[in-house]
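Basis for what follows: all heavy atoms, side chains included, without hydrogens, waters or symmetry-related copies.
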Amino acid sequence: MTGDFKPKSEFLRVLIERGFIHQCSDFAGVDEKALAGGLTAYIGFDCTASSLHVGSMLPIMMLRWLQKTGGKPIALMGGGTTRVGDPSGKDEARKLLTVEQIETNKDGIRQVFDKFLTFGDGASDAIMIDNAEWLTKLNYIDFLRDVGRHFSVNRMMSMDSVKMRLERDQELSFIEFNYMCLQAYDFVEINKRFGCTLQMGGSDQWGNIVTGIDLGRRMGAPQLYALTAPLLTTSSGAKMGKTASGAVWLNADMLSPYGYWQFWRNCEDGDVSRFLKLFTELPLDEINRLGGLDGAELNEAKKVLANEATALLHGRAAAEAAAETARKTFEEGVLADDLPSVALPAAEAIGMGVLSAFVRAGLVASTGEARRQIKGGGLRLNDEPVMDEKSALTAANFKDGVAKLSLGKKKHVLLRAE
RNA sequence: GGGGGAAUGUCCCGAGCGGCAAAGGGGGCGGACUGUAAAUCCGCUGGCUAAGCCUUCGUAGGUUCGAGUCCUACUUCCCCCA
């Protein structure tokens, strides 16, 4: 997509080299801005959950690179748009989030940004803003007069996202239709307030961003630019960010650093060097060396990936601890102390049926599932396969008050009797 | 306004002459093989105090020994005519 464009700015050079770019409305234009210094760019984030997940890492890294190369990143929280509720889920009309929930979510998300960006009042300090600030103050009539008249329904109908829905006879509510207008307006408003001229986002945002550029032109804003990142899939085509145990959250209270480390460690072979470029800051020649490893040696590259990615999010110490836990658990088969653990009173723990023990550990959802897993040989107690579903935990199972319960080869939980 | 369809296992898609815990797929989980990878093969994929019991097919009633299946009303969605 970048063609043979030769960027002069460090910002674009890094993004292109590392594979962050899917499409850009005007490479030369963005390059010039970045070179002149003081390039300000923003990316919009949903605040429907109290944490972002790995899917958001790509845009976050783009903002980080922007800051590192001298630009000013803006993280836009969709507090205003979230308030309308996204009706794209087709069955039950999704519950609207309350203002307080949105605020709580913003706080959770803010914690992640603090780790990747430097916030403050300086020229290249990052800022976080919420579109509720201007969207909620909009007056419908004024909005129609000043902004709405610039939108052509004909054009909106021809946009891929809309066309697809119509072709498939899928619901497309008026609200959703209006999202485009609000998002486009955001761009213009942010330009007015912060002199921001570039919006970045996932490739699915292309249409919205370009609509914003168009609106800016009609409303007399300076030239605006769009830059999108590729949609991330694993090399076998699956969507990224979902794994075994659900979404890969960025906040530590929703997914431990160890779990996060494991996510990267378990990536597919074909993804390693791509991920190293996108999610770590290792120099490219180092990445090329790692990516060139063959077969089993590639596991070393995966460890580097896991270490670096985890260090960026949770800090170097947490990353090393996770690596150490993994090493003990997988390479030595020794019991590592900081595997995820569940504590319960000794009186209750000893004599507890294996089935409920695994349920308590959170490894299986029900005793029924535990039974099935036992039949399939998937449950282990202190590394010994559980054969009898009627057996119970004994004092002997707790070495130093700790019993290790495992589901499959990768998921381990320590049961602590206290 | 009139006429005709549709809603199924709490991840999704989808079959289902009145005997149904309900076909098949995708996804997910587990096992084997490996390298904590991919591919491949195999098993599982409502709950429980488990040879039994309980809860599930849009909602509420009804017919029946027995209803996902038939009847009535309602809700939501789609299509055709006006």
Side-chain angles (χ1 to χ4, degrees), chain A residues 87-95 165-174 176 233-248 258-276 290-291 293-307 309-310 322-334 336 339-340 351-381 383-392 405-413:
Chain A
S88 37
K90 47 188 165 168
D91 1 286
E92 68 217 84
R94 185 186 295 186
K95 289 165 236 148
R165 302 289 281 275
L166 292 178
E167 274 165 16
R168 293 188 194 157
D169 280 335
Q170 276 175 340
E171 161 85 3
L172 180 66
S173 82
F174 183 65
E176 203 168 347
T233 54
T234 66
S235 51
S236 45
K239 263 190 209 139
M240 210 176 124
K242 296 276 164 68
T243 52
S245 26
V248 180
Y258 173 74
Y260 189 72
W261 193 94
Q262 282 295 320
F263 168 75
W264 294 105
R265 172 65 246 261
N266 283 314
C267 79
E268 294 174 24
D269 283 10
D271 293 327
V272 178
S273 61
R274 198 159 51 105
F275 285 0
L276 280 167
L290 289 167
L293 295 176
D294 268 335
E297 289 184 354
L298 207 51
N299 280 332
E300 292 310 311
K302 289 185 187 178
K303 286 179 202 164
V304 174
L305 170 64
N307 284 339
T310 307
E324 180 58 14
T325 301
R327 196 185 59 77
K328 278 190 188 158
T329 308
F330 289 99
E331 292 175 25
E332 292 179 11
V334 176
L339 281 171
M352 179 184 248
V354 267
L355 297 177
S356 24
F358 277 90
V359 174
R360 283 295 291 269
L363 287 167
V364 293
S366 65
T367 59
E369 188 184 340
R371 281 171 217 271
R372 279 181 237 120
Q373 290 294 3
I374 288 175
K375 267 184 216 138
L379 297 188
R380 274 167 300 129
L381 169 61
D383 299 316
E384 291 296 322
V386 176
M387 309 299 287
D388 180 8
E389 62 181 48
K390 291 208 166 62
S391 63
L405 307 187
S406 314
L407 167 66
K409 296 206 171 73
K410 295 183 193 170
K411 277 168 272 178
H412 311 279
V413 168

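Using the Watson-Crick or G-U wobble rule with both distances under 3.5 Å, B/A51 pairs with nothing in any strand shown. Applying the Watson-Crick and G-U wobble criteria (two distances, each under 3.5 Å), B/C41 pairs with B/G31. Base pairing of B/G19: its partner is B/C65, meeting the Watson-Crick or G-U wobble criterion (both donor-acceptor distances under 3.5 Å). Base-pair partner of B/A73: B/U59 (Watson-Crick or G-U wobble, both distances under 3.5 Å).
Two residues are said to be in side-chain contact when any heavy atoms from C-beta on lie closer than 4.5 Å; A/Leu339 and A/Val413 fail this criterion. Contact check for A/Leu405 versus A/Leu379: no side-chain heavy atoms found under the 4.5 Å cut-off.
Within 6.0 Å of CG in A/Asp294 there are 12 or fewer heavy atoms belonging to other residues, nucleotides or ligands.
The distance from atom CD of A/Glu268 to atom P of B/A38 is 6 Å, rounded to the nearest whole Å. As a whole-Å value, the separation of A/Gln373 CD from B/G47 P is 12 Å.
B/G68 and B/U56: their C1' atoms are spaced 10 Å apart (whole Å). Comparing B/C70 with B/G19, their C1' atoms sit 15 Å apart, to the nearest whole Å. Comparing B/A6 with B/G61, their P atoms are spaced 24 Å from each other, to the whole Å. To the nearest whole angstrom, the two C1' atoms, one in B/U75 and one in B/C65, are 32 Å apart. B/G58 sits 8 Å from B/A7 when the P atoms are compared, rounded to a whole Å. Taking atom C1' on both nucleotides, B/A60 is separated from B/U76 by 15 Å, rounded to a whole Å. Remark: the separation of the P atoms in B/A32 and B/A15 is 37 Å, to the nearest Å. Nucleotides B/G43 and B/G26, compared at atom P, are 13 Å apart to the nearest Å.
Positionally, the nearest nucleotide of RNA chain B for A/Gly295 lies more toward the 5' end than for the other of A/Gly295 and A/Ala365. Positionally, the nearest nucleotide of RNA chain B for A/Leu407 lies more toward the 5' end than for the other of A/Leu407 and A/Arg327.
Of the candidates A/Arg371, A/Gln373, A/Glu369, A/Leu355 forms a side-chain contact (heavy atoms from CB on, under 4.5 Å) with just one, namely A/Arg371.
Phosphate proximity of B/G47 to A/Arg372: present, with a side-chain N or O under 4.0 Å from OP1 or OP2. Taking side-chain N and O atoms only, A/Lys411 has a distance below 4.0 Å to OP1 or OP2 of B/G30. At the phosphate of B/G35, neither OP1 nor OP2 sits under 4.0 Å from any side-chain N or O atom of A/Lys410. Contact check, A/Thr367 against B/G47: no side-chain N or O comes under 4.0 Å of OP1 or OP2.
Proximity of the aromatic rings of A/His412 and A/Tyr258 is defined here by a centroid distance below 6.0 angstrom, and this criterion is not met.
A/Thr329 comes within contact range of no nucleotide atom at all, as no heavy-atom separation falls under 4.0 Å. Looking at heavy-atom distances under 4.0 Å, A/Gly408 makes contact with sugar-phosphate atoms alone, never a base. A/Lys375 comes within contact range of no nucleotide atom at all, as no heavy-atom separation falls under 4.0 Å.
With hydrogens and angles left out, the side-chain atoms of A/Trp261 and A/Asn307 include a donor and acceptor closer than 3.5 Å.
A syn orientation is assigned to B/C20, its glycosidic angle lying within 90° of 0.
The base of B/U36 lies close enough to the side chain of A/Gln262 for a donor and an acceptor atom to sit less than 3.5 Å apart.
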